[in-house]
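Notes for the one structure printed next.
Along the sequence shown, the residues carry numbers beginning at 1. Atoms within a ligand are numbered from 1 in the order they appear, just like the ligands themselves.
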Amino acid sequence: VEVISYGYTGKILHVDLTTGKTSVDQHDEVWYRTYMGGGCMSAWYLLNNMPAGIDPLGPENMLIFSIAPIVGAPVPTISRTIISAKSPLTNAFGETQMGGFFGPELKFAGWDAVIITGKAENPVYLWIQDDKVELRDARAIWGKDTLESQTAILDELGDKRIRVANIGPAGEKLVRFAAVLHNMKHACGRTGMGAVMGSKNLKAVAVRGSNKYESYDPDTLRDRASWFNKNYMSNVANKELNVYGTAGIVNGMNERGMLPTRNFRKGFFEDAEKVSGETMTETLLTKGEGCYVCPVRCKRVVETNDQWRVNPVFGGPEYETIGALGTNCEVSDLAAVSKGNEICNRLGLDTISTGMAISFAMECYENNLLSKDELSGLDDLNWGNSVSMVKLTEMIGNRQGLGDLLAEGTKRAAAKIGKGAEKFALEVKGQEIPLHEPRVKGMLGITYAVSELGAEHTRVEHDADFDEFAPQIFVDQAKVLGLLERLPCETIDEPKIRMYYYLQHHFSMLDSLGCCLFGFAPVRAYTMTDLVTIVNAATGWESSLWELMKLGERRWNMTRLFNIREGFNVSDDRLPDRYFTGLENGAMADRPIDRTEFNDALRLYYDMANWDPDTAVPRRAKLVELDLMWAADKLPDWLEQGKKLRADGNIER
Ligand code: SF4
């Protein structure tokens, strides 16, 4: 195999935890370019090398840490590590990303990806020091939280500059939405990758590299980095992130009636100001922190000396966490929300699914589906009870009492509770809805339904960035994609589906390339041309926005094929019934999604994507066009499945 010279290292590490054996995969340049970036490479491996229908918590599941060719370049907002596997939460394609420093370090150690299969007999951690790969005994740190175990690993290896990705007790106990943490605050939260690590008896991956990042054109990379460092504060979105973090959107969302409140029954929370980014900055914030070479420093670090005694080592709450543990549970105590965030990062939990599981339980309690006797010692589960919220977060992470039930995710918990609890479980394909309102953000609702991960908010730029209130720069920067007009926020009509189709591929591409969504056009400082320039300077290729958009589309289709293979069908592209009724308050009250319009929008989208509109299966021609013929060869069976589904009339949402 011809060695890849720039951007990539040309080596992919395989570790079989059952046998303790390691091996190295190499691919040619065509493969690397066709499946450019961590997201695409992982999708290729999961489709190609993993059998269908495996148990996501069994040894056959492939857990993949992957990075893109531009990760490791000394350029801001390009540092993301992707972790992929079959998800134990959804049984579908699983993927999650984190910023921080782990991805660049993996590149410096000489690896493009690490693929972990099997199950260790006893707990271990994986230690990668350049070419030296070692499985080390982790029995002494099994059961320890993320801080204790990271500290022990760094002490044992004697180098504080080692980067660690680890799980806490939640991953060990197979909480289905357990997270992988890096440095206690960069979370790979979604789809339960922490539980996959736990199922393999893998406590952590520690990495240290001594190689330099090799690029084709370092001067151009330096030039773009220097431009970003000088100019990012002129971009309104990046400035807000720097000053208030992601929580800077709380008050605006509330005013517009789209702040999830009381398990998405309301869009306006009376006490939103108390949990806003502005309040955090004025009260609990000690500093902002960032990822590898990023000046935006949007990460919050908070500390309190009150009853909650929040430890700053675990960072501070993002917007999603404030929505999930705060507004959606009607908890207005920012210190309590920060404590919940600390517990999630300490035990290794996804804050979104954790908070959504708690608001689900609160609604079950309100409707007498959970009695006081079933609360495992909590005083009550009334809306706004911050003490119960914090205690229940801890109980979920440790799988204690009611927490054990909720650790299964809201879909499974609702099925167990019965009595109609399903209507309070806000999930798609089993993954809990993020804290963005699909009745107000129209194309976001479409992506919740269609996404390979189940409900996920990072699959498309949000509608509000292109409506009548959006800054002109956002609208202007989308024009390079052929999106020339502002569109109303809540619509899902033909122009909006076209916008969705383009922006979704764009986000899929950014994700695969390890780009932080807070760095790039259309909303943030780098233009789309900058991205192409960076990819070309890193790799030496003459790529284009066209090729990169096709990369995003290729990845999107590969993950769809993975889910079809795992038995998902068009009826899984749905939204919970709640969103087809109106919000109870706020500026967007009483404006439900129209079910007929929603189904029509999905059909139009499938047609646009060249997927069969009845079955949502990619047509063979689309797979040929995306150079996925190897998958097309397997397609006839899937097409038959799709036809059968149609004949059975078994399509409902
Ligand atoms: S913008 Fe924030 S999340 Fe993105 S790379 Fe910079 S510090 Fe990290």
* **Worked check of salt bridge (charged side-chain N to carboxylate O under 4.0 Å, His left out) between Arg346 and Glu394** => CA-CA 10 Å; Arg346 181 157 54 77; Glu394 188 109 30; 3.7 Å; yes
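Listed by chain and residue number, Arg459, Arg555 satisfy the salt bridge (Lys or Arg N to Asp or Glu O under 4.0 Å) test with Glu95 (two or more places apart in sequence, or in another chain). Evaluation of the side chain to side chain donor-acceptor pair (under 3.5 Å) rule for Tyr125 yields Arg136, Glu156 as partners, not counting sequence neighbours. Residues satisfying the side chain to side chain donor-acceptor pair (under 3.5 Å) criterion with Glu240, sequence neighbours excluded, are absent altogether.
Within the model, atoms CG of Leu453 and CG of Leu89 stand 10.5 Å from one another, a figure rounded to the nearest 0.5 Å.
Under 4.0 Å is where a charged nitrogen must lie from a carboxylate oxygen, and between Arg208 and Asp159 at least one such pair does.
Around atom 4 (Fe) of ligand 1, the protein atoms of type N, O or S that sit closer than 2.8 Å are Cys516 SG.
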